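Residue numbering restarts at 1 for every chain, and letters A, B, ... go by the order of the sequence lines. Not measured: the values here are computed from a predicted model.
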Number of protein chains: 2
Amino acid sequence: MIFDFPQLLKSLQLKVTPQRLAILESMSTARTYLSPEEVQGQVQLRAACKVGLPTIYRNLEELSSQGVISKILHPNRQLYYYFCANRDHHHHFVCLVCRTVQDIHDCGCAALAGQIDGQVDVHIMQALGTCRRCCNQNA
Amino acid sequence: MIFDFPQLLKSLQLKVTPQRLAILESMSTARTYLSPEEVQGQVQLRAACKVGLPTIYRNLEELSSQGVISKILHPNRQLYYYFCANRDHHHHFVCLVCRTVQDIHDCGCAALAGQIDGQVDVHIMQALGTCRRCCNQNA
DNA sequence: CTATTAAATCGAAATCATTTCTATTTAGAA
DNA sequence: TTCTAAATAGAAATGATTTCGATTTAATAG
Ligand SMILES: [Mn+2]
Ligand SMILES: [Mn+2]
Ligand SMILES: [Zn+2]
Ligand SMILES: [Zn+2]
């Protein structure tokens, strides 16, 4: 799967900066969710371009709020981010051992609106656990 | 609904301290979710007993991990807590305007385990929005 | 009712992920 | 090329949460 990141950024009304391209490049090739500091490390490795942590934070948040990447609410209370090519509404299962991510296609949230006396603006849904590979390695 | 908090604490293997009783008392009568600082304020008002913030934090976390109260993941990234008498597995809809909470009885998470290649240890699920009362007041 | 002790509390201080600030640079439009 | 709003960098601040060591206390047993 190949991404036209400059085009993507333009469509989001964001300037195409080397920093943003490096962040997107790193996120899209990561096989696990990453902390902002880890993203910085990846960027430095791959793009040999130094990007300040505030810039990383600002862009991860921007990309996340625009739906390009998704935010992982880790039990350790820090934020992690994950690039998911799947553009449809869906959620994630997160392996806390190896940090891989699986899509949850049927989150059952369609049934939500009906039972709420009010208007649902967002819903958070996340499953956390141990993937099969990691389960097997433990046993 | 009346609670035997001393008995509850004993069943959790926790010492029955005035601080804990004051915290439980305050939580159980609150009609909205509360921040740890707000819990401290309530405790001071009702019990006229000064409780340090670290004690509040420690106990809210303890009670939450034992399932006595539930944790609200607010978009502002701070933690809030809410006492819910409903002991069954369920989730919450949170009004971000007036901070009231509604139970979500059917979270659809039964369908979860089937589509995950691994073992789900916990799932987070929370709906955030505006309750009907608050919707109407805006319009 | 003491004595004992592990658990709990306290207040001050530390932590540290995240945000803010200001000066400087730069992408993109004209 | 010129211009300008947007973006970045680095240093510093923020502030919710946690840690620390000293002190108190609930619960248990004698
Ligand atoms: Mn996904
Ligand atoms: Mn509830
Ligand atoms: Zn795994
Ligand atoms: Zn409301």
Testing the basics here: between A/Arg99 and A/Tyr33, what is the closest heavy-atom pair and its distance to 0.1 Å?
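Of all heavy-atom pairs spanning A/Arg99 and A/Tyr33, the closest is O-CD2, 3.1 Å.
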Scan side-chain atoms only and decide if [X] and [Y] contain a donor-acceptor pair under the 3.5 Å cut-off.
{"X": "A/His105", "Y": "A/His91", "result": "no"}
{"X": "B/Arg133", "Y": "B/Thr100", "result": "no"}
{"X": "B/Gln66", "Y": "B/Glu62", "result": "yes"}
{"X": "B/Gln44", "Y": "B/Gln40", "result": "no"}
{"X": "B/Asp88", "Y": "B/His90", "result": "no"}

Heavy atoms of chain A, cut-off under 4.0 Å: which first and last nucleotide of DNA chain D, 5' to 3', fall inside that, if you could look?
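Endpoints of the contacted stretch of DNA chain D: D/dA5 to D/dT18.
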Please list, in numerical order, the residues of residues 9-27 of chain A that have a heavy atom closer than 4.0 Å to any atom of DNA chain D.
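Only A/Leu14, A/Lys15, A/Thr17, A/Gln19, A/Arg20 qualify.
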Just verifying a value: how many Å separate [X] [atom1] and [Y] [atom2], rounded to the nearest 0.5 Å?
{"X": "A/Glu25", "Y": "A/Cys49", "atom1": "CD", "atom2": "SG", "answer": "12.0 Å"}
{"X": "B/Ile116", "Y": "A/Ile104", "atom1": "CD1", "atom2": "CD1", "answer": "4.0 Å"}
{"X": "A/His92", "Y": "A/Gln102", "atom1": "NE2", "atom2": "CD", "answer": "10.0 Å"}
{"X": "A/Leu60", "Y": "A/Ile69", "atom1": "CG", "atom2": "CD1", "answer": "4.5 Å"}
{"X": "B/Met27", "Y": "B/Tyr81", "atom1": "CE", "atom2": "OH", "answer": "9.0 Å"}

Check each residue of residues 59-82 of chain B for a non-hydrogen atom within less than 4.0 Å of any atom in DNA chain C, then write out the ones that pass by number, or none.
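B/Asn59, B/Arg77 - these, ordered by number, are the residues of the stretch whose heavy atoms sit under 4.0 Å from the strand.
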For DNA chain C, find the residues of residues 41-54 of chain B with a heavy-atom distance under 4.0 Å and give them by number; none if there aren't any.
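Nucleic-acid contacts, sorted: B/Lys50, B/Val51, B/Gly52, B/Pro54.
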Please walk me through it: do B/Glu61 and A/Arg77 pass salt bridge (Lys or Arg N to Asp or Glu O under 4.0 Å)?
CA-CA 13 Å; B/Glu61 185 51 37; A/Arg77 291 194 186 164; 3.3 Å; yes
Extract, from 5' to 3' on DNA chain C, the first and final nucleotides lying under 4.0 angstrom from some heavy atom of chain B.
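On DNA chain C, the outermost contacted nucleotides are C/dA6 to C/dT19.
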Would you call the rings of A/Phe83 and A/Phe5 parallel, tilted or perpendicular, where under 30° means parallel and over 60° means perpendicular?
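Perpendicular: the ring planes of A/Phe83 and A/Phe5 meet at over 60°.
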Step by step, would you call A/Leu79 with A/Ile72 a side-chain contact (heavy atoms from CB on, under 4.5 Å)?
CA-CA 6 Å; A/Leu79 291 182; A/Ile72 305 278; over 6 Å; no
Of all pairs that satisfy side-chain hydrogen bond (donor to acceptor under 3.5 Å, both in side chains), the ones with a partner from residues 8-23 of chain B, not counting sequence neighbours
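Applying side-chain hydrogen bond (donor to acceptor under 3.5 Å, both in side chains) to every pair that reaches into residues 8-23 of chain B, excluding sequence neighbours, yields B/Arg20-B/Asn59.
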